[in-house]
Amino acid sequence: MRPSEITQLLAGADDAGLFSAAQALTRENFGDEVFLRGVVEFSNHCDNNCRYCGLRRANRQIHRYRLTVEEIVACAALARELSLGTVVVQSGDDYTYSKEDIGRVVTGAKATADVAVTLSLGDRTKEDFLYWRDVGADRYLLKIETFDEALYAASRPGLTLADRLARVEWLRRAGYEVGSGIITDLPGMTPDILADDLLRLSELDLDMIAVGPFVPSPDTPYGTKPAGSVLTAFRAMAILRLLNPLANIPSTSALNALRDGAREQGLTVGANVIMPSLTPETVGADYAIYPGKNAFRADAASRLEAARAAIRRVGRTPSTAIGGSKRRHHG
Ligand code: SAH
Ligand code: SF4
């Protein structure tokens, strides 16, 4: 796809054609199955100050929590009990968990349950990445957020695009299935930046690609900026599906935060994955990256059942498979 074609599709030149082509390609490669990943958001402490995120260090308005290694492992066991093939272990950039602590999360989860373990802990060291891979971690999710250097620097003070890209490369070399992604409609993002982001993301040849629209979060510098467009996020997901036929593409919870039901609709524009939260109810609402995240305060089993019902509503089948990368295993 040429950049000009992408720009036109992002502007809405052919939504019907774009969405049906993305859906057809998804069904061709994944059939009716939608993979489920249980997400354990184990700490909302963060050393960084991303201007868009409610977990930023400078935000004194949220109640901070940390789960113990044992509590995180118990969530992995719950994932298996609920027939989930993957747990995603996510947090703010919280370095109080040592390399060994996270290692015990990985080995504990693997010992307790036959699940794939995805880590999403932000900007850790190369040594950490290698160690966790050695002890059995399968995947790592590290979103680039945007490939525009100036916008990146403005959105993530003190951090650089080059550094984030280097980490993605380390992860790949360490042998992880690597996921990355962007935030659409991040304040300052132009249509040209977004088109370029989609192309560059596709050049990374990723196993998973996550696109979420910007959701304004109170008590952050971007709290009064306009919310992202659900439609733009759908167009971005569909274009990414066409450019990355075999990648696992989740329909993100940010979509539902903006419009109820948008997450299931995302399954009709190229997504093949849903990631319900398994975070214990006692702390889930505090994982306030943006408002509406974990708004649905039910227990993990009911949240999962709601996700399965949403999948069935759009005519698909909730899968219990581990759902590894097709890009690597060629089916
Ligand atoms: N600290 C880690 C992982 C947790 S944040 C990291 O930053 O990589 C997980 C994701 O939440 C980020 O990658 C970002 O894309 C998303 N996010 C944060 N604030 C957001 C907002 N206001 N709207 C939409 N997505 C947001
Ligand atoms: Fe921290 Fe991640 Fe939020 Fe940035 S996006 S403030 S690194 S949790």
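All figures in this text were calculated on a predicted structure; none of them were measured in a lab. Whatever order the structure lists ligands and atoms in, that order sets their numbers, starting from 1.
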Next item on the list: Using a strict 4.0 Å cut-off to heavy atoms of G122, name the atoms of ligand 1 that fall inside it.
Entry: 2 (C), 8 (O)
Next item on the list: Could you verify whether a donor N or O on one side chain and an acceptor N or O on the other, from R139 and T86, lie under 3.5 Å apart?
Entry: yes
Next item on the list: Determine whether the side chains of S253 and N256 contain a donor N or O and an acceptor N or O closer than 3.5 Å.
Entry: no
Margin query: Can you check atom 10 (C) of ligand 1: any protein non-hydrogen atom closer than 4.0 Å?
Written below: no
Margin query: Starting from atom 2 (Fe) of ligand 2, what is the nearest protein heavy atom, named by residue and atom, and what distance separates them?
Written below: D93 OD1, 4.2 Å
Check: Is any N, O or S atom of C46 under 2.8 Å away from atom 1 (Fe) of ligand 2?
Finding: yes
Notebook entry, point to check: Side chains of N248 and D207: donor-acceptor distance under 3.5 Å anywhere?
Noted result: no
Notebook entry, point to check: Between the side chain of R327 and the main-chain N/O of D205, is any donor-acceptor distance below 3.5 Å?
Noted result: yes
Check: With no hydrogens and no angle check, is any side-chain donor or acceptor of R303 less than 3.5 Å from a backbone partner on S277?
Finding: yes
Item checked: Atoms of ligand 2 close to N48 [distance to a heavy atom under 4.0 angstrom, numbered from 1] -> 7 (S)
Note to self: Please list the nearest protein heavy atom to atom 4 (Fe) of ligand 2 with its residue and the distance rounded to 0.1 Å.
What the structure shows: C50 SG, 2.3 Å
Notebook entry, point to check: E145 heavy atoms, cut-off 4.0 Å: which ligand 1 atoms fall inside?
Noted result: 12 (C), 13 (O), 14 (C), 15 (O)
Next item on the list: Provide the number and element of each atom of ligand 1 under 4.0 Å from a heavy atom of I183.
Entry: 14 (C), 15 (O), 25 (N), 26 (C)
Checklist line | S120 side-chain N/O to L141 backbone N/O, donor-acceptor pair under 3.5 Å | finding: yes
Item checked: Ligand-side contact atoms (ligand 1) for residue partner P213, heavy atom cut-off under 4.0 Å -> 23 (N), 24 (C)
Next item on the list: Check R156 against ligand 2 and report side chain, backbone, both or neither, counting heavy atoms closer than 4.0 Å.
Entry: side chain
Notebook entry, point to check: If you count the atoms of ligand 1 from 1 in the order shown, which ones are under 4.0 Å from a heavy atom of Y287?
Noted result: 4 (C)
Next item on the list: Identify the protein heavy atom lying closest to atom 1 (N) of ligand 1, giving its residue, its atom name and the separation to 0.1 Å.
Entry: D93 OD1, 2.7 Å
Checklist line | For atom 3 (C) of ligand 1, the protein heavy atom that lies nearest, with its residue and separation | finding: S91 O, 3.3 Å
Next item on the list: Consider only side-chain N and O atoms of D163 and T160, and report whether a donor and an acceptor are under 3.5 Å apart.
Entry: no
Next item on the list: Could you tell me whether D123 and R156 make a salt bridge, using a distance below 4.0 angstrom between a side-chain N and a carboxylate O?
Entry: yes
Notebook entry, point to check: Numbering the atoms of ligand 1 from 1, which are under 4.0 Å from a heavy atom of K143?
Noted result: 13 (O), 15 (O)
Check: Looking at Y52, which atoms of ligand 2 are within less than 4.0 Å of one of its heavy atoms?
Finding: 5 (S)
Check: Do any N or O atoms from the side chain of Y131 and from the backbone of I102 form a donor-acceptor pair under 3.5 angstrom?
Finding: no
Notebook entry, point to check: Would you say the side chains of T118 and R37 form a donor-acceptor pair under 3.5 Å?
Noted result: no
Checklist line | Donor-acceptor contact present, side-chain N44 to main-chain Y65, <3.5 Å | finding: yes
Item checked: Closest protein heavy atom to atom 8 (O) of ligand 1, given as residue, atom name and distance to 0.1 Å -> R164 NH2, 3.0 Å
Check: Where on C53 is there a heavy atom closer than 4.0 Å to ligand 1, on the side chain, on the backbone, on both, or on neither?
Finding: both
Next item on the list: Identify the protein heavy atom lying closest to atom 8 (S) of ligand 2, giving its residue, its atom name and the separation to 0.1 Å.
Entry: G92 CA, 3.6 Å
Note to self: Donor-acceptor pair, distance only, cut-off 3.5 Å: does the side chain of R316 make one with the backbone of L267?
What the structure shows: yes
Checklist line | Member of V117, D138, L119, T107 meeting the side chain to side chain contact (heavy atoms under 4.5 Å, CB included) criterion with W132 | finding: L119
Checklist line | Any N or O of V215 closer than 3.5 Å to N or O of ligand 1 | finding: yes
Check: What protein heavy atom is closest to atom 3 (Fe) of ligand 2, reported as residue, atom name and distance in Å?
Finding: C53 SG, 2.3 Å
Next item on the list: Measure from the side-chain N and O atoms of D286 to the backbone N and O of R64, and report whether any donor-acceptor pair falls under 3.5 Å.
Entry: no
Note to self: Can you name the atoms of ligand 1, numbered from 1 with element, that are less than 4.0 Å from a heavy atom of G92?
What the structure shows: 1 (N)
Checklist line | Atom indices of ligand 1, in the order listed, that fall short of 4.0 Å to a heavy atom of Y52 | finding: 18 (C), 19 (N), 20 (C), 21 (C), 22 (N)
Checklist line | Identity and separation of the nearest protein heavy atom to atom 19 (N) of ligand 1 | finding: I289 CG2, 3.1 Å
